There are 2 protein chains.
Amino acid sequence: MSRPRQTVTLTADLVILTIRDGVLCVLVVERGNEPFAGRLALPGGFLRGDESLDQTAARELSEETGMNAEKLVLRQVGVYSAPDRDPRRPRVVTCAYLAIAPDLPLPAAGSDARSARWLPVAEAQRSGLAFDHDEILRDAVELARAELQFRTIATAFCGDEFTIGELHAVYEVIWGVKLDKPNFHRKVTESDGFIVPTGGKRPTPNGRPATLYRAGGATTLSPPMMRPRSTGA
Amino acid sequence: MSRPRQTVTLTADLVILTIRDGVLCVLVVERGNEPFAGRLALPGGFLRGDESLDQTAARELSEETGMNAEKLVLRQVGVYSAPDRDPRRPRVVTCAYLAIAPDLPLPAAGSDARSARWLPVAEAQRSGLAFDHDEILRDAVELARAELQFRTIATAFCGDEFTIGELHAVYEVIWGVKLDKPNFHRKVTESDGFIVPTGGKRPTPNGRPATLYRAGGATTLSPPMMRPRSTGA
DNA sequence: GCAATAGTGTCTTTAAGACAATATACT
DNA sequence: AGTATATTGTCTTAAAGACACTATTGC
C-alpha cells in the first residue's frame, strides 16, 4: 500500500442522438477553453460533490436539451481512462452516456450559452472530434444499433405520438438498411407492450392517414427484432 | 466554472465468475482493512498513474487468479458512484468488470495473500457483501446471462478443451433452465466459428466418449442462442 | 446383455421474409 | 380516376422445440 493512489477528476460525456430529416445526428459543442479550444466535442461536465455520475449526466442532458432526463433514454456506454486522453492535471477520466432524443426544435442555447448544434454522425466522424470523442461516438452508435434489437428505445427517437412509418424510419436510418414495411408493421403491432394506439390518426400529404401510437410499457422486445445480418458477400 | 471540481480515487472491482461442481461461483476476498474490515467483498484495486482502468482490471485479475488476462473475458459492467457508497475521502468511485474463468485449481494466495475464495453466487447474495457490491454482483450476473445469448463467452467457463456436454452445462447453470441436449448439440455445432473439434475424444465413466472441442474464432453468435423466455405463468 | 452418455433424424410449431392485394386518404 | 401511403393476406423459408431413435463406451 505504499504506492500513491492516483486522484482524478471525473466527467460525464454525452452522446445525444436524434434523427433530423432522415439523418442520424449527434449534439456537439464548440469548445471555448483549452485544451482543444475551438474544436468540436461531445457535451459533458464534471462530477459534483453531492451527486452520482449518473446524476451528472442527467443534469448535463437537461441543461443541453431542456428535456427532463426522466423521460429520456440515458445509459452508460463505458469508461474512457487512457492516461493521455486529456492533457490536464489531475487526470480526467470520463464515463460516456448514450442519450436518445426526439427531433427537438433546437438545442436551446441555455444559460451555459455554448454553441451547441446537431451534426450528422457521418460528418462528425469525418471531421474528427476533440479528445477521444471519436472513439466514444463510435462505441455509442454501435451500442444504439445493438440495443434497438432488444429494447424499446426506438420510440425515444419519436415524439409522444408517432406513426409506425416513423418508427420504421428510425430502424432504417440507424441500421442503414431497408426493412420490409408490411412485415415491420406486423412485428411491432404484435410485440406486446411496445406501442399502443392512441385512437387518433395523422393525415398524410396524400394517402391513407396513419394510426397514431405512443410508447407502451415494455422496455424489452421479445422476441427481439434482429438486425438483418449482412450476407458475407 | 467557480464551482470546485470534485477529485476522486478510482478503483476497478472484479466480478470473476466460474462454475464449480455445477454451481455458479464468484471470487470474493475478506477485507483486512477498514472500512468493512472482516466483511466479504469483490476483489479490486486502485488505478495507478501510468495505466488505464482497463489495465488496472487486467492487472488485478492476473494477480488474483494467476491467469493472463489476454485470454480471459474481461468486460466493463458499469460505474458505481453514489456519493455515500464508500465512507473514505477523497471519494472512491469504482468501475466494475465482469471476468469469466474456467474452473481454476484454486485462487493462488499470491503475493497479496488476501484470503480469496470461491463462493456460490447464491450464498454471496444471501450473506451480503461490503460496499455496494451486492448491486454490482447482481448487475454482472445479469450481464453474463444476457451476453451468453449473443457472444461466444460460454467457452471461457471451460478449459482449453471441452465437450459439448460441458458447454451445455454452462448454459443451464447460468440461465437456471433445462435445455434440450440434442437441439443444443445441433445449435452449437452448426453455429459458424463457435467451436471447432480438436480431433480428440474424452472418455466418460461409462458411456460413449464425447468429442473434444476448443473455442473457435468467432466472438459473436449468429443467429443468437436466445434464452427461453419464462412463460408469464 | 444392461446402463449410461453422446449424437442423429424427424416432425411440429413459430417466427421471419417476400410480395400480392386491399384500404383510405388527397387531387 | 389516379396517385400515394397505410395496412392486411398469403405463401415460402428458416429456425426453434419436442422427442424418438441410433451410436459407442464400461460393466
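Residue numbers begin at 1 in each chain, while the letters A, B, ... track the order of the sequences. What you are looking at is a predicted structure, and each value in this text was computed from that prediction instead of being measured. Just the heavy atoms: all of them, side chains too, but no hydrogens, waters or symmetry mates, feed the values below.
- As judged by a 4.0 angstrom heavy-atom cut-off over every strand, A:Thr189 is placed among residues making no nucleic acid contact.
- Taking 4.5 Å as the limit, some side-chain heavy atom of A:Ile195 sits within range of a side-chain heavy atom of A:Leu167.
- Test A:Arg227, A:Lys181, A:Lys178 against A:Glu172 for salt bridge (Lys or Arg N to Asp or Glu O under 4.0 Å) and you get one pass: A:Lys178.
- The CG atom of A:Asp180 sits 14 Å away from the P atom of D:dT7 (whole-angstrom rounding).
- Atom NE2 of B:His185 and atom P of D:dT24 are 13 Å apart (whole Å).
- Using modelled atom types, no side-chain atom of B:Gln149 and backbone atom of B:Met226 make a donor-acceptor pair closer than 3.5 Å.
- Atom CE of A:Met225 and atom P of C:dT14 are 21 Å apart (whole Å).
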Mind listing the N/O atom pairs, protein and nucleotides 25-27 of chain D, below 3.5 Å?
unit_1, atom_1, unit_2, atom_2, d
D:dT25, O2, B:Gly207, N, 3.1

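- Listed nucleotides C:dT10, D:dA16, C:dA20 differ in distance to A:Pro182; the shortest reach to its side chain belongs to C:dA20.
- Remark: the B:Tyr80 side chain and the B:Asp139 side chain contain an N/O donor-acceptor pair separated by less than 3.5 Å.
- Between the P atom of D:dG17 and the NZ atom of B:Lys181 lies a distance of 17 Å, rounded to the nearest Å.
- One can find a donor-acceptor pair under 3.5 Å joining the base of D:dG9 and the side-chain atoms of A:Arg186.
- Rounded to an integer number of Å, the gap from CZ of A:Arg202 to C1' of D:dA4 is 17 Å.
- Between A:Tyr213 and A:Phe162, the distance from one ring center to the other does not fall under 6.0 angstrom.
- What separates CG of A:Leu167 from P of D:dA6 is a distance of 13 Å, to the nearest Å.
- With hydrogens and angles ignored, a donor-acceptor pair under 3.5 angstrom links the side chain of A:Asn183 to the base of C:dA18.
- What separates NZ of A:Lys187 from C1' of C:dT14 is a distance of 11 Å, to the nearest Å.
- For the side chain to side chain contact (heavy atoms under 4.5 Å, CB included) with A:Val26, the lone residue among A:Thr18, A:Leu40, A:Leu42, A:Leu129 that qualifies is A:Leu42.
- Residues B:Phe150 and A:Phe150 bring their aromatic ring centres within 6.0 Å.
- One can place CE of B:Met226 at 14 Å from C1' of C:dA16, the figure rounded to the nearest angstrom.
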